[in-house]
2 protein chains.
Amino acid sequence: MFSKACEYGIKAAIFIATKSYEGLRVSPKEIAEKINSPQAFTAKILQSLVRHHVVNSIKGAHGGFEIQKDRISEVKLAQIVKAIDGDKIYVGCGLGMEKCDENHPCPAHDKFKIVRDELKNMLENTTLEELALNIKSGTAFLKT
Amino acid sequence: MFSKACEYGIKAAIFIATKSYEGLRVSPKEIAEKINSPQAFTAKILQSLVRHHVVNSIKGAHGGFEIQKDRISEVKLAQIVKAIDGDKIYVGCGLGMEKCDENHPCPAHDKFKIVRDELKNMLENTTLEELALNIKSGTAFLKT
DNA sequence: TTTATTTCGGATAAATTTATCCTATTTATG
DNA sequence: CATAAATAGGATAAATTTATCCGAAATAAA
Ligand code: FES
Ligand code: FES
């Protein structure tokens, strides 16, 4: 469904959000430990999230990654997925045709579109806040 | 969403079905041309579909790939996807946790499960027949 | 201003997926 | 039986994704 990079990116953003509620910045090292991901690879993905304005980075001593508190409820899962995997999953053809075109559809178009649109809808309506609260409340987990 | 191999496999099965209605067998060469896929790679995928009893192969002169007419309406998209990509897409965690476990869920579990179950449902209720008829009727296409 | 800390970014390596090539095996037919 | 036509399957290569390593740049604090 999503690439590994995207899975790590989503989990990293969620973890950063939970820490940002407490006003804390986190390092790639801590993030990788908490979400069970390879550290250097995770750092690369974080750079991408920074460039796409999903999270904020502060360089130098006492630096780290954070998200402004008031941004946590604004960031949608869709933005993170799009930043890392692009929009192929939202607009691409399920059977890999060059593009999904109503006027030249693949044989599974009608069926696939329904699911794809529901996925899109879910991602666009799910906020980082909801996900982070699931972690803070202890009802969900970021690893094993 | 699906691997390239799976996309080719689905399209190949659909094409074989359309030909099987006419009692014709088809070669990997013809299949690859009609679905716009690399021939040798497609042949490999066909072997996999044969082993998983999605399509039938006849070796030797006048051989080729076919599907029994009465099987076309029995084969579900889900069987093809499972044969090639496995069942990760049906039962795996959207955020890549070792397994999707209600008792140890990832933060997106509830949201993701709804979409994943709808995808599963769609794949399990879509037959090769429906898809092949979209091609035969000219309302859908297998390439460009 | 020096030092310690931390993200950034390029180069590279490992693993997986996608793709190609060539030979073996099977089978219908003359 | 010999031959031609076709799928099966192993070996290998190319491309992409995943992962690692290391030095550069930025920043706070002594
Ligand atoms: S053309 Fe394939 S999903 Fe729209
Ligand atoms: S645990 Fe992640 S989808 Fe169920």
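- Contact check, A/Ser57 against C/dT6: no side-chain N or O comes under 4.0 Å of OP1 or OP2.
- D/dA19 atom C1' lies 18 Å from atom NZ of A/Lys29, rounded to whole Å.
- At the phosphate of C/dT7, neither OP1 nor OP2 sits under 4.0 Å from any side-chain N or O atom of A/Ser27.
- B/His109 contributes no side-chain N or O that, together with a main-chain N or O of B/Glu102, makes up a donor-acceptor pair within less than 3.5 Å.
- Contact annotation: B/Gln39 side-chain N/O to C/dA19 OP1/OP2 distance is not under 4.0 Å.
- One interatomic measurement links the two molecules: CD1 of B/Ile35 to P of C/dT18, which rounds to 14 Å at whole-angstrom precision.
- Rounded to whole Å, atom C1' of C/dT29 lies 19 Å from atom NZ of B/Lys59.
- Taking 4.5 Å as the limit, every side-chain heavy atom of B/Lys113 sits out of range of all side-chain heavy atoms of B/Pro105.
- Taking atom CD1 of residue A/Ile84 and atom C1' of nucleotide D/dA19, one finds them 15 Å apart after rounding to whole Å.
- Regarding B/Lys44, its NZ atom lies at a distance of 11 Å from the P atom of D/dA11, rounded to whole Å.
- Distance from the side chain of B/Gln47 is smallest for D/dG9 among the nucleotides C/dA4, D/dG9, C/dT27.
- Within 4.0 Å (heavy atoms only), A/Gly60 reaches at least one base atom of the nucleic acid.
- Here the P atom of nucleotide C/dT17 and the CD1 atom of B/Ile45 are 13 Å apart, to the nearest Å.
- For the pair B/Pro28 and A/Ala5, nearest-nucleotide mapping onto DNA chain D gives the more 5' position to B/Pro28.
- With rounding to whole Å, B/Leu49 atom CG is found 14 Å from D/dG9 atom P.
- Each of D/dT7, D/dT27, C/dT20 was ranked by its minimum atom distance to the side chain of B/Ala40; first place goes to C/dT20.
- The NZ atom of B/Lys143 lies 15.5 Å from the CG atom of A/Leu95; values are rounded to the nearest 0.5 Å.
- Nearest to the side-chain atoms of B/Pro38 among the listed nucleotides C/dT20, D/dT18, D/dT20 stands C/dT20.
- Within the nucleic acid shown, A/Val55 has no heavy atom closer than 4.0 Å to any nucleic acid atom.
- Nearest to the side-chain atoms of B/Val50 among the listed nucleotides D/dA8, C/dT7, C/dT20 stands D/dA8.
- Taking 4.5 Å as the limit, every side-chain heavy atom of B/Cys100 sits out of range of all side-chain heavy atoms of B/Val91.
- In terms of position on DNA chain D, the residue among B/Ala43 and A/Ser3 whose nearest nucleotide sits closer to the 5' end is B/Ala43.
- Of the side-chain N and O atoms in B/Arg51, one or more sit less than 4.0 angstrom from OP1 or OP2 of D/dG9.
- Residue-level contact check: B/Leu46 touches neither bases nor backbone, having no heavy atom under 4.0 Å from any strand.
- Below 30°, between 30° and 60°, or above 60°: for A/Phe41 and A/Tyr8 the angle between ring planes is above 60°, a perpendicular geometry.
- The A/Phe41 side chain lies nearest to D/dA19 when the options are D/dA8, D/dA19, C/dC8.
- Rounded to an integer number of Å, the gap from CG of A/Asp85 to P of D/dT18 is 8 Å.
- Taking the side chain of B/Tyr8 as heavy atoms from C-beta on, and the options D/dA29, C/dA19, D/dT20, the nearest nucleotide is C/dA19.
- Remark: side-chain polar atoms of B/Glu22 are not paired, donor with acceptor, to backbone N or O of B/Lys19 under 3.5 angstrom.
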